J.: 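Please find one structure pasted underneath; my questions will follow.
All values derive from a computational prediction rather than experimental measurement. In listed order, ligands and their atoms are each counted from 1.
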Amino acid sequence: MLSGRDLDPPDLIALLTLSVPSSKLAKAGAGLIHNGHFQTIKMLIEHGTLEQKEKYLKKLLTGEYLAATAITEPTAGSSFSNMKTTIKKKGDVYVLNGVKTLINDAAEADIMNVFTKRQEGISVFLVEKNTPELNILRKMDPIGMRSSPIYEFELKDCVVSANQLIGKVGEGLKTFFSAFNFSRLGNASAALGIARSAFEKTVAYLKQRTVGTRTAAEIQGLRWQLAEISTQLQAAQLLRNRAAFMEDQKQDINLVSSQTKLFCVEIAQRAVGDCIQATGRYGCLRDNLFDLYLRDVKVLGTAGGSLEVMKNNIARHLFR
Ligand SMILES: Cc1cc2nc3c(=O)[nH]c(=O)nc-3n(C[C@H](O)[C@H](O)[C@H](O)COP(=O)(O)OP(=O)(O)OC[C@H]3O[C@@H](n4cnc5c(N)ncnc54)[C@H](O)[C@@H]3O)c2cc1C
């Protein structure tokens, strides 16, 4: 089976153009879901100007362009409102300064939405590839989602035209939530795709693996374990589907998308671990990709908003 390890950027873009669902892409490597790409599309659809939509949307939707999202900084992660990347208005342009880190596809992306801060609040700007004041400082080495490389980069007196502002100055949180409420469903779908892959491989393996005088599939403890995983995956999928339906109906999914990401990623992390245990040596060999599933599903618990941040958001709704 093709793995995300084997894919080059042109293959990735080709995959994007096929509009393969996140759950399927994640079977080959969860990095292939390209969160930042779809977040940018969502930001443009909901907050972009007509000019921005004409300039970028078609290219992003066909995969001609790849996009990235740059929020995280060396000293601002979960608490991203502490970000230090600044903007200054100079006539018709804005000047951006700051360092962003852990940014998927920052070097490959044709366009990047960059989150900045000043007194009025957060503002989001589109920065194009080959902007001279955008310097990639280093490529980083994550444990998972490796098919989408991550980078640290600096913006040094980076001049951006006012036309590149998404939404309004100081209203970046609206832009953030429109994209991240949505992309949490992509994270959840990727987690489910990974777990389903591990589950299907495990069922197939246990059926043919002989343990003593019987197949492993006849061992009661393993049968019950797989029965539980299948039930949990089914429940998680229904939650994801309901959230996606609500999104399609243009309902507010802030709460349900946090619950969906939390539940699906936790179920998937447990399922992958249990499948490795249930398959013995088979799960321990890299050929069978369980290491890819384990590393990717772990990263999904942090990238795009950690599970703790999801819990905080859910609790905020409860105790409002
Ligand atoms: C592989 C990978 C790809 C990424 N890609 C991107 C990208 O493309 N663009 C981008 O902008 N960012 C990206 N990120 C950054 C990611 O969004 C952050 O790592 C994530 O938001 C968590 O921030 P942090 O790592 O700084 O953790 P910290 O904020 O330092 O948190 C440390 C721990 O404390 C927990 N924690 C933090 N605050 C609270 C709280 N209030 N209550 C309870 N627990 C809390 C966290 O959940 C975590 O367990 C990526 C990260 C990774 C690992």
J.: Between Thr69 and ligand 1, is there a nitrogen or oxygen pair with a distance under 3.5 Å?
T.: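 Looking only at distances, the answer is yes, because the N/O contact criterion of under 3.5 Å is met.
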J.: Hey, does Leu102 come in under 3.5 Å of ligand 1, counting only N/O atoms on both sides?
T.: yes
J.: Could you verify whether a donor N or O on one side chain and an acceptor N or O on the other, from Tyr56 and Glu128, lie under 3.5 Å apart?
T.: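 On atom types as modelled, these side chains qualify, holding a pair under 3.5 Å.
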J.: Can Gly304 be said to touch ligand 1, with heavy atoms closer than 4.0 Å?
T.: yes
J.: Enter the distance from Lys261:NZ to Arg184:CZ here, rounded to the nearest 0.5 Å.
T.: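 The CZ atom of Arg184 is 8.0 Å from NZ of Lys261, to the nearest 0.5 Å.
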J.: Please state which part of Thr72 comes within less than 4.0 Å of ligand 1, counting heavy atoms only: side chain, backbone, both or neither.
T.: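 Contact part for Thr72 vs ligand 1: both backbone and side chain.
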J.: Under 4.0 Å from atom 15 (C) of ligand 1, do we find at least one protein heavy atom?
T.: yes
J.: Considering Ser78, Ala70, Gly77, which one's heavy-atom position lies nearest to atom 28 (P) of ligand 1?
T.: Ser78
J.: Taking heavy atoms and a distance under 4.0 Å, where does Ser306 meet ligand 1: side chain, backbone, both or neither?
T.: side chain
J.: Does atom NZ (Lys129) have a neighbourhood of more than 12 heavy atoms from anything else shown, all under 6.0 Å?
T.: yes
J.: Going by atom types alone, do Asp105 and Ser148 pair a side-chain donor with an acceptor below 3.5 Å?
T.: yes
J.: Does only the side chain of Val299 get under 4.0 Å from ligand 1, or the backbone, or both, or neither? Count heavy atoms.
T.: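 The answer is the side chain of Val299.
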J.: Just go through Ala303, Pro142, Ala76, Ala109 and tell me whose heavy atom is the nearest to atom 52 (C) of ligand 1.
T.: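 Closest candidate by heavy-atom distance is Ala303.
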J.: Should the heavy atoms of other residues, nucleotides or ligands under 6.0 Å from NZ of Lys88 be counted, would the total exceed 12?
T.: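 Open.
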J.: Using heavy-atom distances only, which candidate in Lys311, Glu308, Met112 approaches atom 48 (C) of ligand 1 most closely?
T.: Glu308
J.: So, regarding Ile71 and ligand 1 (criterion: nitrogen or oxygen to nitrogen or oxygen, under 3.5 Å), is there a contact or not?
T.: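 Between Ile71 and ligand 1, an N or O pair is found under 3.5 Å apart.
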J.: So do the side chains of Leu226 and Phe199 get within less than 4.5 Å of each other, counting heavy atoms only?
T.: yes
J.: Decide whether Thr75 and Lys84 meet the rule of one side-chain donor and one side-chain acceptor closer than 3.5 Å.
T.: yes
J.: For atom 3 (C) of ligand 1, find the nearest protein heavy atom and state the residue, atom name and distance (0.1 Å precision).
T.: Asn104 OD1, 3.3 Å
J.: Among Leu134, Thr40, Leu66, whose side-chain contact (heavy atoms from CB on, under 4.5 Å) with Met112 holds?
T.: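 Single side-chain contact (heavy atoms from CB on, under 4.5 Å) partner of Met112 among Leu134, Thr40, Leu66: Leu134.
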J.: Enumerate the atoms of ligand 1 whose separation from the nearest heavy atom of Ile103 is less than 4.0 angstrom.
T.: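 So the answer, numbered in order with elements, is 7 (C), 8 (O), 9 (N), 10 (C), 11 (O).
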J.: Tell me whether Lys58 at atom NZ has more than 12 heavy atoms from other residues, nucleotides or ligands lying less than 6.0 Å away.
T.: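 No, NZ of Lys58 has 12 or fewer neighbouring heavy atoms, counting only those of other groups under 6.0 Å.
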J.: Which protein heavy atom lies closest to atom 19 (O) of ligand 1, and at what distance to 0.1 Å?
T.: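 Looking only at protein heavy atoms, the one closest to atom 19 (O) of ligand 1 is Thr302 CG2, 3.5 Å.
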J.: Of the side chain and backbone of Asn312, name the one, both, or neither that has a heavy atom under 4.0 Å from an atom of ligand 1.
T.: side chain
J.: As an exercise, identify every atom of ligand 1 less than 4.0 angstrom from a heavy atom of Ile150.
T.: 3 (C)
J.: Work out whether the distance between some heavy atom of Val309 and some atom of ligand 1 is less than 4.0 Å.
T.: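 No heavy atom of Val309 comes that close to ligand 1.
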J.: Heavy atoms of the protein only: does one fall short of 4.0 Å from atom 33 (C) of ligand 1?
T.: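 No.
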J.: Scan side-chain atoms only and decide if Arg240 and Ser189 contain a donor-acceptor pair under the 3.5 Å cut-off.
T.: yes
J.: Going by distance alone, is a donor N or O of one side chain under 3.5 Å from an acceptor N or O of the other, for Thr215 and Glu218?
T.: yes
